[in-house]
Structures are given as C-alpha cells and as structure tokens.
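Every chain is numbered from 1, with letters handed out A, B, ... down the list of sequences.
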2 protein chains.
Amino acid sequence: MIVAELLRKKRDGLTLSPTEIEELITGIVHGSVTTAQAAAFLMAACIRGLTEAETVALTRAMAHSGTCYDWRSIGYAVDKHSTGGVGDKISLLVAPIAAAAGAIVPMMSGRGLGHTGGTIDKLESIVGFTVHPSDEQIERQLRRLGVAMFAQSAKVAPADRILYALRDETGTVESVGLITASILSKKIAEGAQGLVLDVKIGRGAFMQHINDARALAQMLVAVGQGAGLTVRGVLTDMDDPLGCAVGNWVEVQEAEGALQNPSECPADIRELSLYLAGAMLHLAGIASSQQDGMSRAAQVWENGQAYERFHEMVAAQGGRWQESVARYVSTPSLTVESPRSGYITGFSTRQIGLALVELGAGRKRAQDTIDPAAGVVLHVQRGNYIECGAPLFTVYATDKERIPPCAQLLLQSIEIEESPPLPRTSLIYEAVP
Amino acid sequence: MIVAELLRKKRDGLTLSPTEIEELITGIVHGSVTTAQAAAFLMAACIRGLTEAETVALTRAMAHSGTCYDWRSIGYAVDKHSTGGVGDKISLLVAPIAAAAGAIVPMMSGRGLGHTGGTIDKLESIVGFTVHPSDEQIERQLRRLGVAMFAQSAKVAPADRILYALRDETGTVESVGLITASILSKKIAEGAQGLVLDVKIGRGAFMQHINDARALAQMLVAVGQGAGLTVRGVLTDMDDPLGCAVGNWVEVQEAEGALQNPSECPADIRELSLYLAGAMLHLAGIASSQQDGMSRAAQVWENGQAYERFHEMVAAQGGRWQESVARYVSTPSLTVESPRSGYITGFSTRQIGLALVELGAGRKRAQDTIDPAAGVVLHVQRGNYIECGAPLFTVYATDKERIPPCAQLLLQSIEIEESPPLPRTSLIYEAVP
C-alpha cells in the first residue's frame with residue numbers, strides 16, 4: 001500500500017476498498033501511516049463522505065485494532081449508548097435494570113465531552129469505584145451479576161483513540177461516517193451483540209434537527225448490520241435537563257434514589273429508562289416485544305431487584321456507598337430562590353451544561369481534573385409553577401468560590417413566565433428501525 | 001485563532017481571510033499549528049480549492065515565513081522557472097545569457113522531482129561548485145556578474161519546505177493553488193521582481209493538456225500580480241527530451257557546449273533558450289519587446305559573452321571546470337546501436353526520465369544520493385533518419401552494472417518507424433499574458 005496514493009483516491013471522491021481501509025487503520029495503529037497522513041484521511045473523509053461500505057470497513061478495522069471481548073459463552077451481550085445530553089444518568093439505571101431482567105450488559109462508557117456529562121465521570125464519584133476492572137473481573141461480574149460498567153482501556157480499539165483525538169485537533173468531528181465508526185467500533189470491541197442507541201435532539205444535545213438525528217440513526221443501524229452488530233436507534237427529546245440533578249455525584253444519587261423509590265422518580269427519567277431498557281431486553285431476545293421488554297423492566301424496577309443489582313455492581317467494583325454519602329453530605333452548597341412567581345417554561349440546557357463545566361463538573365481540556373461533588377439539583381421541572389422566593393435550585397461544589405458565578409449562569413438558564421408551557425408529551429420521538 | 005475552527009471553515013468550503021491564512025502559516029513555522037493540522041489544511045485546500053485571494057495570501061505568507069532577499073539596490077531581478085521536464089538544461093543557458101545582456105538573475109532552484117531533473121543536481125556535478133553560497137557572496141556575485149545560481153536554504157520560505165514535504169506525504173501535490181503558492185513564494189523570497197514561467201506540456205511533463213497548463217499559467221500570473229511579482233507564463237512543448245543529453249554532468253556539458261558553439265546547438269535548445277531569455281530581458285525592461293529581447297539574447301550568445309559569463313559564474317561559485325571534464329572522461333559507458341533503419345518518430349519521454357532515475361541520475365526518495373556522472377546522450381532527435389547499426393545513444397554511469405538495464409529501458413523508449421513524423425513546428429505554444 002502506498003499511503004499517498006490511497007489518500008489521493010479519497011481526495012478525488014473515489015471509494016476505498018475494505019482492504020485499503022483495513023491497511024490504513026492497521027498502519028495508523030502500528031505507525032507505518034504517519035499522523036499527518038491520518039489527519040489528511042480524516043479531512044478527506046469528512047469532505048467527501050464515507051459510503052456505507054467504507055464505514056462498515058472502517059468500523060470493523062477500528063474494532064479489531066485491539067482487544068475484542070467475546071461474551072457469547074455467557075449470553076447475548078446488549079448495551080445502550082447515548083449521543084450525549086445534560087443530566088443524562090439513564091445508563092446508571094438501564095444497566096442494572098436490564099441485568100436484573102436477565103440481560104448481559106458489558107457497558108464500556110466514556111467521559112464527559114463538551115457540555116455533556118460522561119458515565120465514567122459519574123461512576124468515579126463513588127468512593128473506591130474502579131472504572132478499570134481487569135478482564136477477569138469483568139467476566140466474573142458478567143457471569144455473576146450480568147453487568148459491568150468500565151472505561152475504554154488503552155488496548156481496546158486503539159485506532160479509535162488515536163483518530164478521536166486527531167478529529168478534535170483537525171476540525172473533523174462532524175462527519176456521520178466517522179462518528180458512526182467511532183461509536184460502533186467501541187461497542188463491537190466491548191463484545192456487544194445488540195445496541196440500543198439513544199440519539200438525542202434538542203437544546204441540550206449535539207443535534208438540533210430530527211432529520212439529522214434520523215440520518216445518523218439510520219446510518220448506525222445499517223453500518224451495525226454490516227459489521228455484525230444489531231442496532232436499534234431511538235430518537236429522544238433532549239430539550240430540558242433529564243431529571244433534576246446535573247453533575248456527577250448528584251446524578252449518581254438521583255439515579256440510586258430513583259431505583260430505590262420508583263414512585264418518586266421524575267417522569268422523564270422513568271419514561272426514558274423503561275423504554276431503553278425495554279428495547280435492550282427485546283434486542284437480547286429476553287422480551288418478545290418492545291412492550292414486553294418495558295413490562296419486564298418495570299417489574300424488576302418495582303420489586304427492588306434493579307436497585308439491588310445496582311448496589312451489587314457498585315460493591316463488586318470496589319465502590320463504598322455509605323462512605324460516599326457521608327463524604328458528599330458536607331459539600332458546600334447554595335440554594336437560590338426564585339426571583340419571581342411563574343411557570344417554568346424551559347431551560348437553556350446547553351448553557352446549564354457549560355455552567356457545570358465552569359463549576360468543575362466537566363473538563364475544558366482532556367487533562368483537566370474534575371470535582372465529583374460539583375453539581376446542581378433543580379427543584380423544578382418544565383411546567384411546574386413556582387412562587388417568588390421558593391427554592392429554585394441548589395448548587396454544590398468543593399471550591400465554594402466557584403458557586404456564585406455558576407448560580408448566576410444557571411439563573412439565566414431557567415425560563416420563568418406567566419403562562420404555562422404546552423403540556424409535555426412523550427420524550428420518545430421514534431425508533432429506527 | 002482556534003486552528004480547528006479555521007480548518008472547519010475550509011472543510012465546509014468557506015473562504016479564509018488573509019489574516020487567517022497568515023496566522024496558519026506562522027503557526028506552522030513556529031509549531032503552534034501541529035503537523036496533523038497542517039496536513040488537514042492541505043487536504044481541505046486540495047479538495048475545496050483555493051480562491052485567487054486565498055492563494056495570494058498563502059503565497060505572501062509563505063514568502064515571508066523566512067528570509068526575503070531584496071536586490072533592488074542592484075537592479076531589477078528576473079528569474080526563469082520551469083514546471084519540470086526531461087533534459088531541461090535551459091536554466092543553465094538563460095541565466096548567463098540574460099545576465100550577459102544586463103539582467104540581474106538571482107536563480108534559486110530545486111532538485112530533481114519524480115522523473116524530471118533539477119538544476120541544483122546538475123550544477124553540483126561540477127567539481128567544487130557550491131550551491132550554498134553565503135548571502136554576501138550572492139550579493140557580490142549579482143553586483144559583479146549579474147547572476148548567481150543557488151539552492152533554497154533552510155532560512156528561505158521555511159513554510160514552503162514544510163508544506164512541500166507534507167504534500168508529498170499526504171497525497172496533496174496536485175492542487176493548482178498549492179502549486180502556485182509554492183512556486184511563487186520561493187521566487188518572491190529570492191528577491192525576484194519578474195519571473196518567466198516555462199509551463200511544460202506533453203509526454204515528458206507533469207501536465208498533458210494545454211488547458212491545464214493555461215489554467216496554471218493564468219493562476220500564476222494573477223496570483224503573482226496580487227503578491228507583487230510580475231509573471232509571464234510561456235506554454236511549451238515537452239513531448240521529446242530537450243536537446244540530446246539527459247542526466248546531470250552530461251546536461252551541463254551540453255549546455256556549456258551550446259553556449260560555446262551556438263551554431264552546433266540543437267535547434268530545440270536554441271529556440272527555447274532565446275525565447276525565455278528574451279522574455280526575461282523584456283520583463284526586466286532591458287528589451288523593449290519580446291522580439292528585441294530575443295535579439296539581445298542572440299547577440300550575447302553569438303559574441304561569446306554568455307559563454308564567458310557562464311564560466312565566470314562557475315568559477316565564482318568554486319566550480320573547477322577542467323577538473324570536472326577530466327574526472328568524467330573516464331565514466332564507464334555503453335553505446336547502443338540502432339536495431340533497425342528508420343525515422344525517429346518520438347520518445348516515451350517520461351520513461352526516459354524514470355530510466356535515468358534507475359540509473360542513479362535522480363532520486364526515488366529525498367534521502368537518496370545521486371551519481372552525477374549518470375546520464376544518456378542521444379545521438380538522434382525526432383525526425384532524424386538512422387541506419388541499422390548506427391549509434392543510437394550512449395549511456396554513462398559510475399556503477400557500470402546499472403548501465404545494461406537502463407540501456408534496455410531506453411531502447412524501448414525510442415520510436416523508430418518507416419515513415420518520417422510530421423515536421424516539428426515551434427516548441428512555443430503561447431505566452432500568458
């Protein structure tokens with residue numbers, strides 16, 4: 001393979017063969033393709049686009065660039081992935097729910113990106129919790145509990161790690177083909193056979209238009225099929241923060257509380273968790289339909305089995321729950337009262353995510369450390385009526401000097417008006433296919 | 001400047017401002033723009049194209065990325081550049097001719113590229129000749145002789161050196177905008193005010209179609225104007241090797257012989273040299289017209305002043321002519337006879353260039369060393385009749401084992417047929433503007 005010739009082909013809008021793509025990816029990982037050549041490929045792929053066949057080849061090559069797990073001796077492995085939101089702690093619920101209902105969930109997650117949170121950051125707020133269990137421990141846990149939640153290690157899909165960093169550097173993030181290959185290659189490498197993909201749309205999401213989200217979902221489904229992964233895309237609303245908590249520990253706490261007391265769980269968390277867990281159970285062949293999957297999910301949630309599974313997983317990965325609760329109870333906080341009476345009509349959700357990054361709950365650069373205690377708990381959701389002077393939200397942060405500026409930003413992000421908003425309908429827009 | 005944002009702009013087909021391009025180039029030279037980002041820019045520029053304004057800004061930024069010479073205190077500096085050919089030793093003639101006729105010629109040249117030769121490689125075949133004179137020596141020589149021929153040093157247009165190497169690596173060589181900026185930035189940096197550009201077309205050139213060559217010439221003229229360099233493009237035929245010698249020392253010897261004995265000079269060398277030197281003298285304001293320039297060029301050629309200037313320059317740059325002649329006289333050689341009688345109807349000129357690279361006259365990789373003695377002297381030109389058994393060409397190389405395979409390739413590159421070809425017309429197609 002002459003790399004420059006291959007780049008010329010893509011540059012001129014021709015299609016690369018699966019073999020060419022595989023050689024390129026192998027070369028990127030082993031160093032025979034230079035960083036400059038990889039960057040040039042990303043730019044050409046971004047401008048010229050990737051065909052479905054090219055994306056399948058890229059997905060396969062990236063998935064097989066490192067360790068590939070295989071859990072078929074245990075059962076059908078199913079996972080859920082979200083394109084990123086604000087207050088999106090749904091993974092913390094659906095993983096134990098699906099496992100409690102009989103699924104095998106090897107959930108390899110990422111860290112926060114831009115204004116959105118990441119499951120790994122949330123889990124690390126639990127004292128002692130390791131997001132880097134050994135391969136043996138992951139297997140042991142999947143056999144015993146059906147669920148393990150862990151970070152992408154250096155040996156899994158190294159091509160994706162290299163290209164992901166390069167895309168950020170070279171302004172080539174926004175490419176449906178590259179996004180698809182990045183998401184799916186990691187899921188194939190983690191050993192998933194089925195994947196429920198939560199494609200988020202709205203003021204707190206990366207995508208604003210349902211057509212874009214549908215196109216991405218369709219691409220993910222088609223490429224997944226080509227690469228041997230069954231994908232169900234679910235287009236969901238991400239206009240408002242999900243639930244009331246946004247941050248790391250505050251979200252873990254909200255998820256744990258929701259699992260413990262289903263009746264007190266915010267309606268949006270409940271709807272989305274049941275739908276996505278139901279889809280996982282359906283994909284895994286445990287449920288006969290989406291509806292049956294949702295019933296089974298509701299059952300293990302109501303009877304406490306999902307709550308129990310959550311704590312078993314936390315303990316298995318070294319997490320010390322009571323110690324965590326005790327540690328965070330003393331986090332400095334500030335409760336802000338509503339400056340006027342009125343209805344909550346909406347949120348500048350992306351701004352809330354960015355305010356939380358400023359507070360320390362997220363990173364501006366990859367090397368930044370985060371404050372696991374940093375977060376906000378909203379005391380209202382869209383449609384609620386609030387009296388002037390009633391508590392509107394509470395901000396938490398270890399460094400209390402960071403609290404007032406964040407509170408100011410958050411206050412500007414909550415819309416309070418005299419008339420109520422339209423009643424909220426379902427968060428679920430559609431499923432693909 | 002956020003580099004990734006700037007790359008996104010170019011990626012999406014938007015136009016970069018002169019300031020953005022300048023910041024990008026400065027960043028590339030100073031390291032704040034990474035190699036990956038530079039590579040992504042090149043690919044985006046290659047696919048999206050560069051506007052004339054962008055190319056002007058790129059040319060200026062690259063020219064001013066390092067030392068810029070200024071010879072205006074000596075006179076109007078004029079240069080000639082060729083897009084590359086086989087047997088193209090015309091620079092070795094026009095530089096001393098134009099200088100003998102009164103022009104100031106600071107000629108900064110390159111090395112061989114692909115199947116084409118480079119003036120610097122040719123000059124280095126002269127024993128003792130330095131292609132890296134000091135700035136003081138260049139100036140002294142321009143004042144005394146009006147001519148200096150030298151290689152691009154590290155401090156001249158460093159942005160071009162970086163991007164030139166990256167383009168080769170990333171398959172982004174073929175871009176009119178990038179080619180234009182690369183050629184013109186070096187000429188502006190060397191201090192030229194006027195440039196005659198020999199854009200070659202045909203079997204021995206990089207371009208095969210006159211429309212492509214015309215588009216490049218027009219772009220070079222327009223961008224030169226925008227960047228403060230007066231450019232005259234001349235579209236010329238490069239179907240057959242120029243003259244009879246192809247290689248390094250053999251070409252220097254042919255050029256020297258042509259300067260010494262104008263009456264024995266091959267017609268193609270004579271026509272092209274007079275036209276291009278004439279254009280240089282016209283641009284420099286020494287001649288009142290192209291025709292007048294050609295007359296003046298012919299005059300200093302006929303009266304021996306150009307020949308004398310050539311030797312003065314060689315001596316000034318440390319070259320030892322007699323010693324060179326003595327050294328190369330013992331080069332192993334092989335004369336191949338014509339396998340049949342007939343007319344020479346043409347040459348696979350690119351193949352001849354590639355055969356010479358195999359012989360050691362050129363490089364396959366930048367770090368290869370070359371054999372200055374390696375070369376071929378054709379004993380025929382297009383249209384000549386040759387008897388079976390008469391000498392067809394002589395191959396020279398220090399490593400005599402390389403000679404037979406090269407001779408074989410050369411034999412296949414010469415077309416001998418029963419009927420004569422159409423009579424050859426002018427090598428000059430047209431001038432732009």
Could you have a look at A:E169, A:R48, A:K9, A:K10 and say which one has the most heavy-atom pairs with chain B under 4.5 angstrom?
A:E169

Please look at B:E5 and chain A and tell me whether the side chain, the backbone, both or neither of the residue comes under 4.5 angstrom of a heavy atom of that chain.
neither

Only pairs of heavy atoms separated by less than 4.5 Å count here; which of A:T34, A:V3, A:I2, A:L6 has the most with chain B?
A:T34

Residue A:D168 versus chain B: region with a heavy atom under 4.5 Å
backbone

Got more than 12 heavy atoms from elsewhere within 6.0 Å of CZ, B:F206?
yes

Close approach to chain B in residues 347-361 of chain A, criterion heavy atom under 4.5 Å
none

Can we say A:E174 and A:R167 salt-bridge, meaning some charged N sits less than 4.0 Å from an Asp/Glu carboxylate O?
no

Donor-acceptor contact below 3.5 Å, side chain B:T116 vs main chain B:G84
no

Main-chain N/O of B:R111 paired to B:R363 side chain as donor or acceptor, under 3.5 Å
no

Is it true that a side-chain atom of A:H81 and a backbone atom of A:I183 form a donor plus acceptor pair closer than 3.5 Å?
no

Is it the case that over 12 heavy atoms from other parts of the model lie below 6.0 angstrom from the CG atom of B:L14?
yes

A:E20 (side chain) donor-acceptor with A:S17 (main chain) under 3.5 angstrom:
yes

Regarding B:D198 and B:K200, does a basic nitrogen lie under 4.0 Å from an acidic carboxylate oxygen?
yes

By a 4.5 Å heavy-atom criterion (distance strictly below it), what part of A:L42 contacts chain B: side chain, backbone, both, or neither?
neither

Is a donor on one side and an acceptor on the other found under 3.5 Å between the side chain of A:S65 and the backbone of A:A159?
yes

Using a cut-off of under 4.5 Å for heavy-atom pairs, which of A:V33, A:T170, A:D12, A:V173 has the most such pairs with chain B?
A:T170

